[in-house]
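Heads up: the structure comes next, in structure tokens.
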Amino acid sequence: MRRGTLVVCQIGLFVGLFVLWHVLTATEILPKFFFGEPLVVLMRVRDWFVSGKIYPHLGVTLIETILAFLIGTALGLVFGLWLALSDFAAKLLNPYITALNSMPRVILAPIFAVWFGLDIKSKVMLGITLVFFIVFFSVYNGVREVSPTILANARMLGANGRQLLRHVYLPSATAWVFSSLHASVGMAFVGAVVGEYLGSARGVGYLILQAEGVFDINTVFAGVLVLTACALVLDYAVTLAERRLLRWRPGSVSSNAS
Amino acid sequence: MSTMGTLNLERVTCTFPARGANAGYTAVADVDLDVAEGEFVSVVGPTGCGKSTLLNVAAGLLAPTTGRVTVFGQNLQGINTRAGYLFQSEALMPWRTALQNVTAGLEFRGIAAEQARLHATDWLRRVGLSAHGHKYPHELSGGMRKRVALAQTLILDPKILLMDEPFSALDVQTRSLMETELLNLWAQDRKSVMFVTHDLEEAISLSDRVVVMSAGPASRLIGEFAIDLPRPRDVAEIRLTPGFVEIHKLIWTALRDEVQKAYSLSLS
């Protein structure tokens with residue numbers, strides 16, 4: 001199928017779902033009180049952007065997300081490389097990593113709120129704990145699967161330990177980082193919004209919490225819609241970066257356009 | 001054979017430690033092999049006879065369990081820095097272009113980028129890839145990737161060249177072209193070559209000497225044949241000459257039993 005046709009169909013599906021939602025709620029098959037009204041939701045989103053009321057909230061949420069994403073990815077990359085290359089460190093930390101990873105980390109949000117206060121620091125910390133493990137595991141496994149032939153060849157060409165890290169392990173790990181970044185962007189958002197939801201004075205999560213407090217279901221949906229759109233934009237930014245940095249990979253772009 | 005060759009393997013045995021239920025596995029046992037200066041030696045043997053193990057020992061990528069390796073009379077410790085290695089499987093760094101792959105070794109040695117680039121451009125020309133320097137490995141054909149690998153290794157001017165069935169993945173025509181090209185490059189400065197293959201015809205058409213290994217495990221050297229066919233050779237045409245056919249018959253007689261042994265082992 002041609003790319004243009006596909007995009008038209010994707011937009012068509014989106015509009016169709018909205019129309020279905022509208023019809024079901026307008027006819028009260030689904031009660032408006034619980035399921036909202038799509039037209040009101042869209043009006044709410046429009047009002048937010050026209051009045052400018054959303055910008056400070058959206059700004060805070062995006063800053064939290066992007067900071068959590070960047071710091072979490074960098075830490076995941078460094079620790080992934082370190083543990084993959086140091087057998088002792090890997091064996092020493094293995095049970096701790098497994099434990100931390102299987103722990104439901106969202107539960108840390110209230111603790112971070114106590115430690116770091118109710119401003120953005122606690123949300124960024126929560127996002128980092130979510131992003132870190134995704135990147136960490138993909139780098140860790142990726143580095144251990146670097147082709148032994150490529151490694152042996154680089155050594156025969158005279159690469160020392162530092163050069164192997166810089167010219168073989170790092171580029172190889174980058175490919176694995178990117179494979180996990182799409183999932184990480186989503187997790188960074190989860191960290192930010194859940195953090196805001198549990199205690200904050202600003203952010204889209206805060207807006208949603210306020211609206212829920214007065215059973216304003218339309219505003220809740222409007223918040224969700226804005227967040228989803230932002231997540232799509234960030235995901236696209238990752239795809240663009242991937243396209244630039246992984247030009248060497250055969251078919252890397254099309255196969256990862258999830 | 002000179003006792004003080006370029007590359008000497010003395011009573012080399014390689015045993016891989018036991019893993020789980022498997023007992024330790026001895027790949028090669030008690031192998032003596034000398035490669036003289038400027039000599040092209042091929043090691044042939046049935047699949048799984050430890051040919052590659054022997055090559056890795058010569059490269060210093062693998063330390064022998066017992067025995068020793070000397071390079072220009074000196075004991076080999078760690079990587080053999082006098083040797084270049086052409087691998088059987090893909091060894092190019094996929095994140096570097098052809099040109100960047102060729103410059104890699106110079107870069108590792110701290111040679112200035114501009115100088116390395118000029119030198120590498122020249123080598124790409126010598127392997128006939130001037131127009132493809134900007135391409136990534138996945139954009140090149142299998143034969144082109146082998147040429148890049150050849151340039152990548154030869155640019156460092158190693159005195160010893162170790163080759164592990166480098167052309168086995170290529171189609172027959174490309175393979176014959178690459179073999180001829182290898183001989184031409186080799187004739188320019190006559191490096192010492194240790195060439196591992198399971199293809200007897202390839203071994204005879206390229207080499208000065210062919211060494212035959214027994215079937216694994218614990219492979220030994222079981223025969224050694226001087227190939228006194230005239231050079232320069234055309235690898236496609238030389239296979240039709242009477243001299244070639246005669247020596248082929250001779251070596252095949254030695255090899256046949258081992259191939260059969262290896263085959264029945266693989267079935268059991």
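Note on naming: letters A, B, ... go to the chains in the order of the sequence lines (proteins, then strands), and numbering restarts at 1 for each one.
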(request) Select all residues of residues 143-166 of chain A having any heavy atom within less than 4.5 Å of some heavy atom of chain B, and report them by number, or 'none'. (result) A:Ser147, A:Thr149, A:Ile150, A:Ala152, A:Asn153, A:Ala154, A:Arg155, A:Met156, A:Leu157, A:Gly158, A:Ala159, A:Gln163
(request) Output the residues of residues 60-91 of chain A for which the shortest heavy-atom distance to chain B is under 4.5 Å, in residue-number order; output 'none' if no such residue exists. (result) none
(message) Within the 4.5 Å heavy-atom criterion, are B:Met194 and B:Leu54 side-chain neighbours or not?
(response) yes
(message) Are the side chains of B:Val43 and B:Leu33 in contact, using a 4.5 Å heavy-atom criterion?
(response) yes
(request) For the pair B:Lys135 and B:Leu129, evaluate side-chain contact (heavy atoms from CB on, under 4.5 Å) and give the outcome as yes or no after the intermediate values. (result) CA-CA 10 Å; B:Lys135 291 185 180 165; B:Leu129 289 179; over 6 Å; no
(message) Pairing donors with acceptors under 3.5 angstrom, does anything connect the side chains of B:Arg96 and B:Gln152?
(response) no
(request) Answer yes or no: is there a side-chain heavy-atom contact under 4.5 Å between B:Leu62 and B:Phe16? (result) yes
(request) Check whether B:Glu90 gets within reach of chain A through its side chain, its backbone, both or neither, counting any heavy atom under 4.5 Å. (result) backbone
(request) Locate the shortest heavy-atom distance separating B:Ala83 from B:Leu162; write the atom from each residue and the value. (result) CB-CD1, 3.9 Å
(message) In the structure I gave you, are the side-chain heavy atoms of B:Val35 and B:Thr6 within less than 4.5 Å of one another anywhere?
(response) no
(request) Can you establish whether the number of heavy atoms outside B:Gln77 located under 6.0 Å from its atom CD is more than 12? (result) no
(request) Give, as side chain, backbone, both or neither, the part of B:Ala149 having an atom under 4.5 angstrom from any heavy atom of chain A. (result) neither
(message) Is B:Glu139 in contact with chain A via its backbone, its side chain, both, or neither, using a 4.5 Å heavy-atom distance?
(response) neither
(request) Could you tell me whether B:Lys191 and B:Asp157 have a side-chain N and a carboxylate O separated by less than 4.0 Å? (result) yes
(request) Could you pull out the closest heavy-atom pair between A:Phe178 and A:Val238, with the gap in Å? (result) CE2-O, 4.1 Å
(request) Would you mind checking which part of B:Thr81 comes under 4.5 Å of any heavy atom in chain A, side chain (CB onward), backbone (N, CA, C, O), both or neither? (result) neither
(request) Please look at B:Phe87 and chain A and tell me whether the side chain, the backbone, both or neither of the residue comes under 4.5 angstrom of a heavy atom of that chain. (result) side chain
(message) Applying side-chain hydrogen bond (donor to acceptor under 3.5 Å, both in side chains) to B:Arg82 and B:Gln74, what does each step give before you reach the verdict?
(response) CA-CA 11 Å; B:Arg82 312 295 291 271; B:Gln74 296 199 316; 5.9 Å; no
(request) Over all heavy atoms of both residues, which pair between B:Leu150 and B:Met178 is shortest? Give the atoms and the distance, please. (result) CD2-CE, 4.4 Å
(message) If you compare all heavy atoms of B:Thr103 against all heavy atoms of B:Ala116, which two are closest, and at what distance to 0.1 Å?
(response) CG2-O, 3.6 Å
(message) Report which part of B:Phe108 has an atom under 4.5 Å of a heavy atom belonging to chain A: side chain, backbone, both, or neither.
(response) both
(message) Side chains of A:Ser180 and A:Val135, heavy atoms from C-beta outward: is any pair under 4.5 Å?
(response) yes
(request) Using non-hydrogen atoms and a 4.5 Å limit, figure out which bit of B:Ile155 sits close to chain A: side chain, backbone, both or neither. (result) neither
(request) Taking heavy atoms only and a threshold strictly under 4.5 Å, list by residue number the residues of residues 169-176 of chain A that touch chain B; give 'none' if the list is empty. (result) A:Pro171, A:Ser172
(request) Might you point out which heavy atoms bring B:Leu124 and B:Gly133 nearest each other, and give the distance in Å? (result) CD1-CA, 3.7 Å
(request) Using a 4.5 Å cut-off on heavy atoms from C-beta on, say whether the side chain of B:Phe195 contacts that of B:Glu202. (result) yes
(message) Checking an interface table here. Which of residues 121-133 of chain A come within a heavy-atom distance under 4.5 Å of chain B?
(response) none
(message) Are there over 12 heavy-atom neighbours, none belonging to B:Gln115, within less than 6.0 Å of that residue's CD?
(response) no
(request) For the residue pair A:Phe137 and A:Ile97, establish whether any side-chain heavy-atom pair is separated by less than 4.5 Å. (result) yes
(request) Heavy atoms only: give me the nearest B:Leu185-B:Asp189 pair and the separation to one decimal. (result) O-OD1, 3.8 Å
(request) State, yes or no, whether a side-chain contact exists between A:Val226 and A:Phe49 at a heavy-atom distance under 4.5 Å. (result) yes
